[in-house]
Amino acid sequence: MSKPMGAIPAGYAADADGMLLIGGRRADALVGEAGNTPLFVYDLALIGHRIATFREHFNGIDLHYAIKANSYVPLLRHVAKQVDGLDIASAGELDIALAAGADPALVSFAGPGKRDSDLEAAIRSGVTLNAESQGEVDRAIAIGARLGTTPRIAVRVNPDFEIKGSGMRMGGGAKPFGVDAARVPALVRRILAAGAEWRGFHIFAGSQALDPAALIEAQRATVALAGSLAEAAGAPPPLVNLGGGFGIPYFHGEKPLDVGAVGAALAEALAARAAILSGSTFAIELGRWLVGEGGVYLTRIVDRKESHGRVFLVTDGGMHHQLAASGNFGQVIRRNYPVAIAGRFGAEAEEEVSIVGCLCTPLDRLADDAMMPRADVGDLVAVFMAGAYGLSASPQAFLAQHSATEMPVGA
Ligand SMILES: *Cc1c(COP(=O)(O)O)cnc(C)c1O
């Protein structure tokens, strides 16, 4: 029995020859230009369209980009110009963000396990630290005093709830992320008493949510929590980062998130917010929803073989570049990402095949028992949903295979 694939995201079509177009360019021509496969292509126009969709539905709310989703500099430079802030999670990402031309005043640095040298780099450059613990706050204050620079500190809150049904849980219960809500008011007072610049709250309750009702409920709870924490601390937060969690449909049967419904409900929740939040700026931080569907991973078939009645298309790419499509990036049960034969895009499926990578491990699968048009050695395979958590989230050094190239189109 063949296994279903996720739906190809909107915005992709074929030319008259049946060749996949990405940003209006033929996939085979893009590979020719890059010089070889494997290749990640990012359609900056599709990403720009996503940003415009956000603006349409979240009037008056700042948009931040969580750069760990994709920090390829040409993409980051393009996105940074169009958003209100960048969220980073390491000193390396700080360097990348600054190299992409980001204004340090619009960058916030979350993530557990920041070394003193990381805190120092952040304080020197003037980015906001989203503090993950009291220990981190105390170290930041001491480093600021030593440098003679006032640190900018927001408190990352570990809320007592999480987005229901979200793919990756990062809030609720015992967590390495953030400060338990009950401890937050005292920590805010400590920051203020030390003379640091308190920037507000960062409250992230989960990721990869496709159910608007779950996001609406989490956002309502987040606005309420920010209000009660601010009242308990006796200080109005300049910024409330409401987290993000907007998901994208990777798998069969999943539907795109109804962001219109989420935006309308958030406007209502904000209209009813506590008075202490009346002057606060609100932000949403997004990664995959902004860039995931804009990326395509192209890899070439180098062998076609049969084993016990099954057809295997063996490619020159795989999990070392696109770990998530192989099912090994947090998935419990492996399901097929949307995948196509680039030169026969939209053609009728004729045979059941398994598309595998070139790594010598059975984990390296790009599509399992999927129905595809006939494909042979030399044909290009396109793996969609490759714009977020692709190359940078994959074990590129594993097996020392050929490296992948990245390319922007449609700027
Ligand atoms: C990873 C992360 C994000 C981005 O998550 P997406 O699912 O890609 O939108 C946002 N905020 C924080 C704190 C994160 O750790």
Side-chain angles (χ1 to χ4, degrees), residues 42 47 50-51 53-54 58 61-72 75-76 79 83-90 92-94 96-97 106-114 127-133 136 154-159 162-172 175-179 199-212 214-215 218-219 222 239-251 254 256-257 259 262 282-295 323-324 329-331 385-394:
Y42 306 119
I47 294 167
R50 274 300 167 99
I51 295 170
T53 301
F54 180 91
F58 295 85
I61 309 229
D62 279 4
L63 173 61
H64 291 191
Y65 174 51
I67 85 166
K68 80 175 190 287
N70 189 331
S71 58
Y72 174 58
L75 177 150
L76 185 56
V79 173
V83 298
D84 309 300
L86 297 180
D87 292 331
I88 60 168
S90 72
E93 286 191 346
L94 173 61
I96 295 170
L106 305 180
V107 175
S108 41
F109 183 178
K114 299 182 190 83
V127 312
T128 293
L129 289 163
N130 287 344
E132 304 274 353
S133 71
E136 194 177 300
V155 175
R156 178 160 177 189
V157 181
N158 175 23
E162 56 192 357
I163 305 176
K164 286 208 179 75
S166 69
M168 216 173 278
R169 295 173 170 202
M170 293 180 77
K175 290 282 171 339
F177 310 107
V179 177
R199 292 290 305 137
F201 297 122
H202 175 214
I203 309 178
F204 182 79
S207 216
Q208 182 47 22
L210 290 171
D211 175 10
L215 267 170
Q219 288 184 341
T222 303
L239 176 71
V240 179
N241 179 333
L242 298 166
F246 294 16
I248 51 177
Y250 293 100
F251 304 118
E254 292 182 340
L257 176 67
V259 285
V262 176
F282 291 84
I284 288 183
E285 55 175 358
L286 300 176
R288 73 186 74 220
W289 187 85
L290 290 178
V291 298
E293 294 185 10
L323 184 68
F329 192 61
Q331 293 93 328
M385 318 303 277
Y389 307 108
L391 195 55
S392 67
S394 301

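Count residues from 1 along the sequence. Just so you know, ligand 1 is whichever comes first in the structure, and atom 1 is the first atom listed for that ligand. Quick note: numbers below take in every heavy atom, side chains included, and nothing from hydrogens, waters or symmetry partners.
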Look only at the side chain of [X] and the backbone of [Y], and say whether a donor-acceptor pair between them is shorter than 3.5 Å.
{"X": "Tyr72", "Y": "Gly387", "answer": "no"}
{"X": "Asn130", "Y": "Arg156", "answer": "no"}
{"X": "Glu293", "Y": "Met385", "answer": "no"}

Taking the six-membered ring for Trp, are Phe246 and Phe54 parallel (under 30°), tilted (30 to 60°) or perpendicular (over 60°)?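 Because their plane-to-plane angle lies in the 30° to 60° range, the rings of Phe246 and Phe54 count as tilted.
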Pair Phe329 + Tyr250: ring centers closer than 6.0 Å: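 Ring centroids of Phe329 and Tyr250 are no less than 6.0 Å from each other.
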Backbone or side-chain N or O of [X] under 3.5 Å from ligand 1 N or O:
{"X": "Gly287", "value": "yes"}
{"X": "Tyr389", "value": "yes"}
{"X": "Ser207", "value": "yes"}
{"X": "Arg156", "value": "no"}

Please compare His64, Lys68, Glu285 and report which has the shortest non-hydrogen distance to atom 15 (O) of ligand 1. Lys68
Check each atom of ligand 1 against the heavy atoms of [X] and keep those under 4.0 Å away; list them by number with element.
{"X": "Arg288", "answer": "6 (P), 7 (O), 8 (O), 9 (O)"}
{"X": "His202", "answer": "13 (C)"}
{"X": "Ala66", "answer": "3 (C), 4 (C), 10 (C)"}

Side chain, backbone, both or neither: which part of Ala110 has a heavy atom under 4.0 Å from ligand 1?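 Neither; no heavy atom under 4.0 Å.
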Pairwise side-chain contact, His202 with Leu242, heavy-atom cut-off 4.5 Å (strictly under):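 The answer is no; the side chains never approach within 4.5 Å.
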Are any non-hydrogen side-chain atoms of Ser392 and Asn70 less than 4.5 angstrom apart?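 No, every pair of side-chain atoms sits at 4.5 Å or beyond.
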Would you please determine whether Trp289 falls within less than 4.0 Å of ligand 1 on a heavy-atom basis?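 Judged by the 4.0 Å heavy-atom criterion, Trp289 does not count as contacting ligand 1.
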